[in-house]
Amino acid sequence: MERYNFKLVEENWQNYWQKNKSFKTEINKNKKKFYCLEMFPYPSGKIHMGHVRNYTIGDVLARYKTLQNYNVLHPMGWDSFGMPAENAAKENDLDPKDWTEKNILIMKTQLKKLGLSIDWDREISTCSPEYYKHQQMFFLELFDKGLIYKKENYVNWDPVDQTVLANEQVIDGRGWRSGAIVERKKLSQWFFKISKFSDELLKGLDNLNNWPNKVKIMQKNWIGKSYGCEIDFKIEGNSSVEKIKCFTTRPDTLFGFSFLALSADHPLSKFYENDVSFQKFKQQCSKTGTTEESIAQAEKIGFKTNMIAVNPFDKNMKVPVYFANFVLMDYGFGAVFGCPAHDQRDFDFAKKYNLPIKTVVKPNDFKGDYNVDDEAFVGDGVLINSSFLNGLKTPKEAISKAIEEIEQRNAGKKKVTFRLKDWGISRQRYWGCPIPIAYDEKGNFVTVPKEQLPIKLPENIVLKTKGNPLDHQVEWRKISINGKSYKLETDTLDTFVDSSWYYLRFCSPKNKIYGYDFNDIKYWMPVDQYIGGVEHAILHLLYSRFFMLALSHDNKKFIDKEPFEGLFTQGMVCHETYKDKKNNWLSPDEVYSEDGKNFFKIEDQKEKVIVGSSESMSKSKKNVIDPEKIIENYGADAVRLFILSDSPPEKDIQWSEQGMVASYKFIQKFWLLHKKVVEKIKSNNKGSNIEGLNVYTNKLIQKFSNNLEKFNYNVIIANIYETYNFLIKEIEKDYKSDILRENYIKILTLITPVIPHIASEAFKELNHEDGLQWPKADDRFLDDKFVNIVVQINGKKKSLVKVEKDLEDDEVINTVKKNEKISNFLSDKILLRHIIIKNRLVNFIVK
RNA sequence: GGGCGAGUGGCGGAAUUGGUAGACGCGUUGGUCUUAGGAACCAAUAUGGCAACAUGUGAAGGUUCGAGUCCUUUCUCGCCUACCA
């Protein structure tokens with residue numbers, strides 16, 4: 001029997017698609033557009049299984065929408081600036097550009113082997129001057145709009161990568177790439193004023209109905225809007241300090257005020273800098289806050305000042321002012337008022353320093369005297385011991401009354417605070433987009449005029465320097481603007497800037513005068529479906545949303561301000577981990593197993609391998625499977641089938657060699673089935689028209705389309721298997737050739753998005769290659785003539801009875817009662833009543 | 001500490017959203033064909049029972065004619081987040 005030669009077939013089709021530019025897209029106003037975008041990869045060297053999953057999911061959708069006659073934009077590009085290139089170049093004495101371009105070439109070849117329906121004519125690479133030129137122009141534009149500024153402040157400094165990190169890039173106190181413990185350093189930095197849009201970014205989330213709730217909640221928490229008020233506390237004891245401003249969400253607890261706490265970085269710390277014990281305290285503060293546990297269990301420590309704060313509600317209530325380690329400088333005003341009875345942190349602090357704990361809120365349902373004892377009470381309740389606030393309910397009544405009072409006394413005002421901070425975009429790195437700023441000899445900066453863009457990165461430079469290699473590029477830094485000499489800025493842009501607008505560039509990848517063309521984005525934007533990993537839930541997605549707001553700010557031409565209409569976050573690809581007895585990680589290639597339970601080293605067959613938990617594939621744990629080898633062995637269709645089959649796409653999937661083999665075998669089996677069908681069709685049978693196939697096909701169309709829309713891709717694969725199981729039997733029946741052909745074409749169309757190579761080959765054999773259309777389910781065949789009625793006694797299923805569809809209730813009951821099993825059940829019982837659901841179920845209630 | 005989500009066969013997972021629990025795949029068992037099979041095909045596969053039948057979706061209650069699905073309580077696991085005032 002002829003075996004299906006996937007290598008030949010897949011290569012042929014991939015060449016055909018490339019030669020014919022089958023996936024090239026242009027604006028076509030007669031068609032509805034669909035912009036399908038997957039997060040573009042960093043060109044690290046080779047594609048990994050995560051890419052395979054991501055791009056397969058996207059490709060199924062893109063091909064499905066194409067068959068539905070949408071004009072589909074499905075582009076691909078490279079997020080090609082970033083530190084791995086610079087590090088690899090340093091290690092191997094290469095140029096980052098060469099390293100990157102080589103990787104892109106390899107990965108592009110690999111992606112093509114997956115058979116993705118990508119318009120490669122739109123390929124972009126963020127490290128090319130044609131791309132970053134426009135980014136520099138956007139920089140100027142945002143600068144002119146007042147959305148960019150420079151300021152000196154503390155930054156997260158990664159000592160290994162020698163660069164600044166955004167807050168979002170610091171995970172558990174460590175750099176997200178290097179894993180080094182992040183230090184605090186004061187530097188002059190460029191910032192995007194993302195905080196200007198805090199409210200818009202928050203409100204915009206409400207309209208993103210096709211985003212996972214999880215991601216919206218994460219962004220909401222990140223933006224962190226809180227309602228409260230600012231309070232100015234009068235200060236005594238330090239002649240140069242009149243008042244201290246605090247932010248609070250609980251002004252209602254002001255009568256429980258027992259201390260005021262400042263951040264160690266608070267401006268007022270300047271009065272204590274020469275105090276040895278303050279220095280000691282500050283040192284202690286910087287030690288804590290690296291690991292999860294230390295943050296959670298960090299002891300509250302403080303430094304008592306000579307200042308005294310006065311309660312605006314009662315001039316006689318005077319409390320000490322401390323510096324405390326749990327107060328953050330970059331939230332609110334870096335100062336809080338402490339109410340130990342109703343805040344756990346304040347409670348811990350008060351306990352440690354023996355400060356009074358005065359209860360001012362009593363739980364709603366509490367009867368009698370209430371006193372906070374061994375932990376703070378933070379729930380809702382009624383105000384007590386609080387003068388004019390007594391008896392008011394908190395949060396609602398008491399808080400608004402308290403704010404009212406504070407405002408009346410001129411001691412503060414209502415205030416909304418956001419957690420979201422401005423986005424620091426300066427990086428002390430070579431391999432990134434140069435910032436179009438230049439300095440005169442006095443250090444004053446000017447923007448580089450548009451006409452002088454792009455500022456290209458110097459090539460073939462020495463990278464093994466301390467700090468930023470660009471600092472050493474004396475010649476490159478020289479620039480003349482309007483006849484005056486300046487020196488270029490050496491910071492480059494955070495690579496998250498590159499990916500904040502690439503989806504716009506895909507709409508006009510070749511546009512020379514500007515980053516995009518308005519006609520193009522008017523037609524294509526927003527991205528209808530964006531697909532990628534949930535790890536970008538905050539960083540990349542928030543920045544992209546910001547970029548749209550920034551570009552559309554003061555620009556009436558913009559219609560859509562949200563870049564991504566739909567978002568889908570796929571799960572990770574996992575694999576078991578293996579270790580040898582010396583505790584070294586082993587790759588799956590290095591181990592074997594006969595029973596699937598006990599694993600041994602291939603090298604030394606006596607050595608038993610320790611099998612660890614299944615985790616996301618990563619180089620460090622060596623639990624990776626190379627997609628290239630898998631495609632080589634089993635073919636792209638089989639890989640696509642498997643990567644979609646075992647788990648819902650939003651959940652993690654376990655890589656399984658057995659599962660992969662099963663998918664491969666299915667492709668082979670399917671081809672044999674196909675051959676049989678073709679033979680039957682060719683036989684030109686004038687035989688009978690059996691309903692079974694029509695009914696199956698049309699029901700399948702309905703099911704399949706529905707599952708596709710809902711991203712139930714694993715169920716689609718099950719539908720494909722089911723269809724095989726059905727057809728392999730049904731094909732033996734005496735079908736009329738044209739009925740068979742008609743149905744088979746519909747079925748083939750359904751499976752095309754998932755396994756495009758074999759489906760295309762099958763269509764070719766049927767001489768049915770052009771004008772493929774997603775089939776519509778024909779109602780005539782969806783209506784069954786008979787239905788199976790579930791018969792229950794007291795709600796428990798007892799039998800199934802086949803009756804005519806839409807039969808009158810009385811007749812259904814009569815038919816069902818005649819059923820032997822049911823009549824036996826009913827014979828010695830008293831029938832109280834019955835419940836009947838049309839075409840579905842009869843339930844007899846008996847005694 | 002806070003937020004989100006999930007608990008269904010030996011395993012991954014289905015279930016038209018309140019109406020036949022376990023689709024589909026893996027694995028396992030038996031069989032056919034084979035010199036052989038880690039190939040192919042056929043059959044079985046939630047549990048107990050020879051069977052009729054009974055019991056079954058983390059646990060306990062509840063609503064309902066009927067609950068994997070809704071409500072309450074509870075346990076376990078996963079992910080995210082973190083001294084945010």
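Just so you know, these numbers use all the heavy atoms, side chains as well, and skip hydrogens, waters and symmetry mates. So that the names make sense, note that chain A is the first sequence line, chain B the second, and so on, each numbered from 1.
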Applying the 3.5 Å cut-off to both distances, the Watson-Crick or G-U partner of rG10(B) turns out to be rC26(B)
Return the nucleotide paired to rC4(B): Watson-Crick means purine N1 to pyrimidine N3 with N6-O4 or O6-N4, wobble means G-U with N1-O2 and O6-N3, both under 3.5 Å.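 Because both required distances fall under 3.5 Å, rC4(B) counts as paired with rG78(B).
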Listed by chain and number, what are the side-chain contact (heavy atoms from CB on, under 4.5 Å) partners of [X], not counting sequence neighbours?
{"X": "H536(A)", "value": "M39(A), F496(A), H540(A)"}
{"X": "F726(A)", "value": "L693(A), Y696(A), E730(A)"}
{"X": "V336(A)", "value": "A261(A), V327(A)"}
{"X": "L800(A)", "value": "N788(A), V790(A)"}

For residues 707-714 of chain A, dump all side-chain donor-acceptor pairs below 3.5 Å to protein atoms at least two apart in sequence or in another chain.
from    : atom 1 : to      : atom 2 : distance (Å)
N707(A) : OD1    : N712(A) : ND2    : 3.4
N707(A) : ND2    : K703(A) : O      : 3.3
N707(A) : ND2    : N719(A) : OD1    : 3.0
E709(A) : OE2    : Y64(A)  : OH     : 2.6

Determine the interatomic distance between [atom1] on [N] and the same-named atom on [M]; round to the nearest Å.
{"N": "rU69(B)", "M": "rA15(B)", "atom1": "C1'", "answer": "10 Å"}
{"N": "rG9(B)", "M": "rC75(B)", "atom1": "C1'", "answer": "22 Å"}
{"N": "rC11(B)", "M": "rA23(B)", "atom1": "P", "answer": "15 Å"}
{"N": "rU55(B)", "M": "rG61(B)", "atom1": "P", "answer": "16 Å"}
{"N": "rG49(B)", "M": "rA54(B)", "atom1": "C1'", "answer": "9 Å"}
{"N": "rG13(B)", "M": "rU17(B)", "atom1": "P", "answer": "23 Å"}

Could K300(A) and F349(A) be counted as a cation-pi pair, given that NZ or CZ must be under 6.0 Å from the ring centre and within 45° of the axis? no
Does rG62(B) fall in syn (glycosidic angle within 90° of 0) or anti? anti
Contact class for [X] (heavy atom, under 4.0 Å): base, sugar-phosphate, or nothing?
{"X": "N725(A)", "result": "sugar-phosphate"}
{"X": "Y721(A)", "result": "sugar-phosphate"}
{"X": "S226(A)", "result": "sugar-phosphate"}

Phosphate OP1/OP2 of rU55(B) contacted by K796(A) side-chain N/O (<4.0 Å):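 Checking K796(A) against rU55(B): at least one side-chain N or O falls below 4.0 Å of OP1 or OP2.
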OP1 or OP2 of rC80(B) versus the side-chain N and O atoms of K216(A): is any pair under 4.0 Å? no
Return the CD1 to OG distance between I223(A) and S195(A), rounded to the nearest 0.5 Å. 11.5 Å
Quick test: give all pairs of protein nitrogen or oxygen and nucleotides 27-31 of chain B nitrogen or oxygen below 3.5 Å, distance rounded to 0.1 Å.
none

In terms of side-chain heavy atoms of E722(A), which of rC83(B), rA23(B), rG25(B) is nearest?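 That would be rA23(B).
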Can you tell which of rU20(B), rA82(B), rA85(B) lies closest to the side chain of R419(A)? rA82(B)
Grab the N/O contacts between the protein and nucleotides 37-46 of chain B below 3.5 Å, and write none if there aren't any.
from    : atom 1 : to      : atom 2 : distance (Å)
rA39(B) : OP1    : K665(A) : NZ     : 3.4

Of all residues at least two apart in sequence or in a different chain, which pass the side-chain hydrogen bond (donor to acceptor under 3.5 Å, both in side chains) check with K669(A)? none
Restricting to side-chain hydrogen bond (donor to acceptor under 3.5 Å, both in side chains), what partner residues turn up for S618(A), sequence neighbours left out? S620(A)
Heavy atoms under 4.0 Å is the rule here; annotate nucleotides 1-18 of chain B 5' to 3' with B where the base is hit, S where only the sugar-phosphate is, and - elsewhere. --SS-------SSS-B--
Side-chain donor-acceptor contact under 3.5 Å, Q344(A) with D348(A): yes
State whether a side-chain donor-acceptor pair under 3.5 Å links E615(A) with S613(A). yes
Close aromatic pair by centroid cut-off 6.0 Å: F233(A) and F257(A):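 Ring centroids of F233(A) and F257(A) are less than 6.0 Å from each other.
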Report the residue (L328(A) or N788(A)) whose heavy-atom-nearest nucleotide on RNA chain B is the more 5′ of the two. N788(A)
Going by the angle between their ring planes, with limits at 30° and 60°, are Y664(A) and F6(A) parallel, tilted or perpendicular?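 If you compare the ring of Y664(A) with that of F6(A), the planes turn out perpendicular.
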What class does the angle between the rings of Y4(A) and W671(A) fall in, given that below 30° is parallel, 30 to 60° is tilted and above 60° is perpendicular?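 Rings of Y4(A) and W671(A): tilted, 30 to 60°.
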Are there any protein N/O atoms within less than 3.5 Å of an N/O atom in nucleotides 61-65 of chain B, and if so, which ones and at what distance?
from    : atom 1 : to      : atom 2 : distance (Å)
rC65(B) : O4'    : R833(A) : NH2    : 3.3
rC65(B) : O2'    : N843(A) : ND2    : 3.2
rC65(B) : O2     : N843(A) : ND2    : 2.5

Residue pairs involving residues 244-266 of chain A (criterion side chain to side chain donor-acceptor pair (under 3.5 Å); sequence neighbours excluded):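 Residue pairs passing side chain to side chain donor-acceptor pair (under 3.5 Å), neighbours aside: R184(A)-D265(A), E230(A)-K245(A), D232(A)-K245(A), R250(A)-D252(A), D252(A)-T394(A).
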